[in-house]
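Here's the structure, in structure tokens; my notes come after.
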Amino acid sequence: SYAVELRGTPFGTLAYSGDCRPSRKFAEVCLNADILIHEATFADGMEAEAALKRHSTVGEALHVASLMKAKALVLTHFSQRFPKIPPLSGKDDLASSSEIPIVFAFDYMKLTQRNLVAASNITPALRLLYPED
């Protein structure tokens, strides 16, 4: 899979990771991106399965955003086998602070500069739609 950095978007510099494992090189190349879109197919604790299937966990995507010093993070490509919004990792400084917006993307979601922060703030409400068993 590929990753790309796009400059001059309405968000500024946009970094996009395809379906892939975390990449330190990608974080270095896209340092200080205005927005990072990163796949997070698996929840934390499933690192072995993520590695086997060449995907990332939520915590791994958070770590890439932290290394990249991204100003916003959009998480995508959640596994359909787990019908819930994955929890944010508590082991990464980015997850435990509110220094950047973190958005869980869904099909047909339209993000703009104006609604990015609002989209990150609705995560607790969205979690209510996917209660734990």
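Numbering of residues begins at 1 and proceeds along the displayed sequence.
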Rounded distance (nearest 0.5 Å) linking atom OG of Ser56 with atom NE2 of His63: 11.5 Å

So Met109 and Val74, do their side chains get closer than 4.5 Å, heavy atoms only? no

Side-chain (Glu28) to main-chain (Phe26) donor-acceptor, under 3.5 angstrom: no

State, with a plain yes or no, whether a side-chain heavy atom of Thr57 is found less than 4.5 Å away from one of Leu62. no

Count I, L, V, M, F, W, Y as connected when their side-chain heavy atoms are under 4.5 Å apart, and connections chain through other members. Are Leu36 and Leu6 then in the same cluster? yes

Minimum side-chain heavy-atom gap Thr13-Glu5 below 4.5 Å: yes

Within this structure, what is the NZ-SG distance for the pair Lys69 and Cys30, rounded to the nearest 0.5 Å? 14.5 Å

For Arg114, give me all partners under salt bridge (charged side-chain N to carboxylate O under 4.0 Å, His left out), at least two apart in sequence or on another chain. none

I would like to know whether Ile100 and Ile102 meet side-chain contact (heavy atoms from CB on, under 4.5 Å); could you show each step before the answer? CA-CA 6 Å; Ile100 72 164; Ile102 300 172; 4.3 Å; yes

Check for a donor-acceptor pair, side chain of Asp44 on one end and backbone N or O of Gly59 on the other, with a separation under 3.5 Å. yes

Out of curiosity, does Phe11 fall in the hydrophobic cluster containing Leu75 (side-chain heavy atoms, cut-off under 4.5 Å, transitive links)? yes

Please name all residues satisfying salt bridge (charged side-chain N to carboxylate O under 4.0 Å, His left out) with Glu39, sequence neighbours left out, ordered by chain then number. none

Can you tell if the side chain of Glu60 reaches within under 4.5 Å of the side chain of His55, non-hydrogen atoms only? no

Are Phe106 and Leu126 side-chain neighbours, meaning at least one heavy-atom pair lies under 4.5 Å? yes

Looking only at heavy atoms, what is the nearest atom pair of Met68 and Ala33, with distance? SD-CB, 3.8 Å

Test Leu116 against Ile35 for side-chain contact (heavy atoms from CB on, under 4.5 Å), laying out the working first. CA-CA 10 Å; Leu116 182 69; Ile35 188 166; 4.1 Å; yes

Path from Val29 to Leu31 over hydrophobic side-chain contacts below 4.5 Å: no

Shortest non-hydrogen pair, Val64 vs Ser23, comes out as CG2-N, 4.1 Å

Find out whether Asn115 and Leu111 are in side-chain contact, i.e. whether some heavy atom of one side chain is under 4.5 Å from a heavy atom of the other. yes

Flag the pair Leu73 / His38 as yes when at least one side-chain heavy-atom distance between them is below 4.5 Å, and no otherwise. yes

I'd like to know if the side chain of Arg54 reaches the main chain of Arg21, judged simply by a donor and an acceptor atom lying under 3.5 Å from each other, with no hydrogens or angles considered. no

If you define the side chain from C-beta out and look only at heavy atoms, does anything of Phe104 sit under 4.5 Å from Thr123? yes

Under 3.5 Å, is there a donor-acceptor pair between the side chain of Asp34 and the main chain of Ala15? no

Does the distance from a Lys or Arg side-chain N to an Asp or Glu carboxylate O, for Lys53 and Glu49, drop under 4.0 Å? yes

Tyr2 OH to Asp19 CG distance, which is reported to the nearest 0.5 Å: 13.5 Å

Work out which heavy atom in Thr76 is nearest to a heavy atom in Ala105; give both atom names and the distance. CG2-CB, 3.8 Å

